[in-house]
There are 2 protein chains.
Amino acid sequence: MARDAERTKKRLLEAAAAEFAALGIAGARVDRIAHSAGCNKAMIYAYFGNKDQLFDAVFTQLVAATVERAPFDAADLAAYAGRLFDRYEADPATVRLSTWYRLERPQGVSLQAVVASNKSKLEKIERAQREGLVPAHYAPVELLTLVIATAGAWASVNPELGSDAPADRERRRVVVVDAVRRLLGTPEDPGPT
Amino acid sequence: MARDAERTKKRLLEAAAAEFAALGIAGARVDRIAHSAGCNKAMIYAYFGNKDQLFDAVFTQLVAATVERAPFDAADLAAYAGRLFDRYEADPATVRLSTWYRLERPQGVSLQAVVASNKSKLEKIERAQREGLVPAHYAPVELLTLVIATAGAWASVNPELGSDAPADRERRRVVVVDAVRRLLGTPEDPGPT
DNA sequence: GTCTGTCAACTGACTGGTTAGTTGTCTGGG
DNA sequence: CCCAGACAACTAACCAGTCAGTTGACAGAC
């Protein structure tokens, strides 16, 4: 029952995800991760190398999970934004981890999983634009950037504003999806003007 | 020339802003801030109390500077987004500091400057909506959240995507302003549909 | 069945270096 | 003379990473 390397690695990854999401790389404590995973600190070094590499392992897994839970669909970017929003709401650690990654990982270091995921999305958008499924007033990178920013808008705004925000998750979701439709120039509700 | 408390405080604030922007609260080193301000660590404790309070001082000043440099105009949110974008581009530390603040300051702690600034903006949007200057398909908080998220879209997206982005700042600015126009339902270019 | 050798999984204790925060003293301007 | 501004030196805690050694599972010999 005990002595199961895979199980230990998994517990370590979960504990690390929680610690890193809460405190970032610099704020995370290796001892605390090991303790809350119920094992010894040395296991982290045996399995993952060091603190930074442990973070990378956590983040790579997170990217994979997000790609799976919120599959990309260039032909319906509004629905994709909705799924991304759902993912962020279901697991707030996702946004935080992703933000820490942006702030704390030195420039120039790119994770393969992230690069591949982006490249694939950009190609799909470009194809959809050529096929006329997506309007072409924005370039693929521009569109993807706006869609991602919109889906994470509630999570990327200062907390003081968040406290004024509608507690109603469903309403926030509607706003996100509708906003992307408007960006695409195909609003469901054309609005007063 | 020496012995000038105000001058020392200012140097300390500048050095702290750079350090915090680069490394966050947990990653910043008090010794390094003092050294790059050309004075002693004890001065930080004499003038600001402790590390967290030093961060708050830096951030409060940043909020004031941003409000001044990017004055809010509820009647023309697209132009406001453009100004915010300019501010972020001119001083990238702004976005980073603001992000660190969101991640590292414990929930429940609110800076007066931030709360006041938000409240004022929300009231202005509400008034503009009542006067018919701004469409009302989104509530004030929703609109403000989307506008801020859009202005910071390029800065809040993972770096791997940024490297594919157009280096052309002017084009990114056009996209931001145009996106906000679309959100408001009054696009300059109505698009293919 | 049980004894024994082997190896991966695991651990407690340690280290070298770092860090936030403090204190007692000095200095120069008024 | 006096006191705010400045600092070197200090402390107590902390922390990433290491290491010598232990434990448990299991395979093959008998």
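Quick caveat: nothing in here was measured; it's all calculated off a predicted structure. Here is how names work: the chains are called A, B, and so on, in the same order as the sequence lines, proteins then strands, and each is numbered from 1.
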Quiz item: Any side-chain N or O of Y45(A) under 4.0 Å from OP1/OP2 of dC19(D)?
Solution: no
Exercise. Considering just the side-chain nitrogens and oxygens of T8(B), establish if one lies under 4.0 Å of OP1 or OP2 belonging to dA6(D).
Key: yes
Quiz item: Rounded to the Å, how far apart are F48(A) CZ and dG17(D) C1'?
Solution: 16 Å
Practice problem: Output the distance between atom CZ (R172(A)) and atom CZ (F85(A)), rounded to the nearest 0.5 Å. | Solution: 4.5 Å
Practice problem: Would you indicate what A28(A) reaches in the nucleic acid, counting non-hydrogen atoms under 4.0 angstrom: base, sugar-phosphate, or nothing? | Solution: sugar-phosphate
Exercise. Can you label the angle between the Y101(B) ring and the F55(B) ring as parallel, tilted or perpendicular, going by 30° and 60°?
Key: parallel
Self-check item: Sub-4.0 Å heavy-atom contacts from residues 49-60 of chain B onto DNA chain D, ordered by number
Solution: none
Quiz item: dA6(D) P sits how many Å from K9(B) NZ, rounded?
Solution: 10 Å
Practice problem: Using atom CZ of R7(B) as one end and atom P of dA6(D) as the other, report the distance to the nearest whole Å. | Solution: 11 Å
Quiz item: About how many Å separate CZ of R169(A) and CG of D86(A), when rounded to the nearest 0.5 Å?
Solution: 8.0 Å
Practice problem: Please determine if a side-chain N or O atom of R29(B) lies less than 4.0 Å away from the OP1 or OP2 oxygen of dT18(C). | Solution: no
Quiz prompt | Pairing of D52(A) and R105(A) as salt bridge, 4.0 angstrom limit | solution = yes
Quiz item: Whole Å only: how far is the CD1 atom of I33(A) from the P atom of dG17(D)?
Solution: 11 Å
Exercise. Write down the distance between CZ (R32(A)) and C1' (dA16(D)), rounded to a whole number of angstrom.
Key: 13 Å
Quiz item: Tell me, for nucleotides 11-17 of chain C in 5' to 3' order, what letter each nucleotide earns: B for a base near a protein heavy atom under 4.0 Å, S for only sugar-phosphate near one, - for neither?
Solution: BB-----
Please tabulate, one pair per line, all N/O donor-acceptor pairs under 3.5 Å involving side-chain atoms of residues 93-100 of chain B, not counting sequence neighbours.
{"unit_1": "T94(B)", "atom_1": "OG1", "unit_2": "D91(B)", "atom_2": "O", "d": "2.9"}
{"unit_1": "T94(B)", "atom_1": "OG1", "unit_2": "D91(B)", "atom_2": "OD2", "d": "3.4"}
{"unit_1": "R96(B)", "atom_1": "NE", "unit_2": "A21(B)", "atom_2": "O", "d": "2.7"}
{"unit_1": "R96(B)", "atom_1": "NH2", "unit_2": "L103(A)", "atom_2": "O", "d": "3.0"}
{"unit_1": "R96(B)", "atom_1": "NH2", "unit_2": "A21(B)", "atom_2": "O", "d": "3.4"}
{"unit_1": "R96(B)", "atom_1": "NH2", "unit_2": "A22(B)", "atom_2": "O", "d": "3.1"}
{"unit_1": "T99(B)", "atom_1": "OG1", "unit_2": "V95(B)", "atom_2": "O", "d": "2.7"}
{"unit_1": "W100(B)", "atom_1": "NE1", "unit_2": "F20(B)", "atom_2": "O", "d": "3.2"}
{"unit_1": "W100(B)", "atom_1": "NE1", "unit_2": "A21(B)", "atom_2": "O", "d": "2.9"}

Quiz prompt | Sugar-phosphate, base or nothing in reach of A34(A), heavy atoms under 4.0 Å | solution = nothing
Quiz item: How many Å lie between CD on E6(B) and P on dA6(D), as a whole number?
Solution: 10 Å
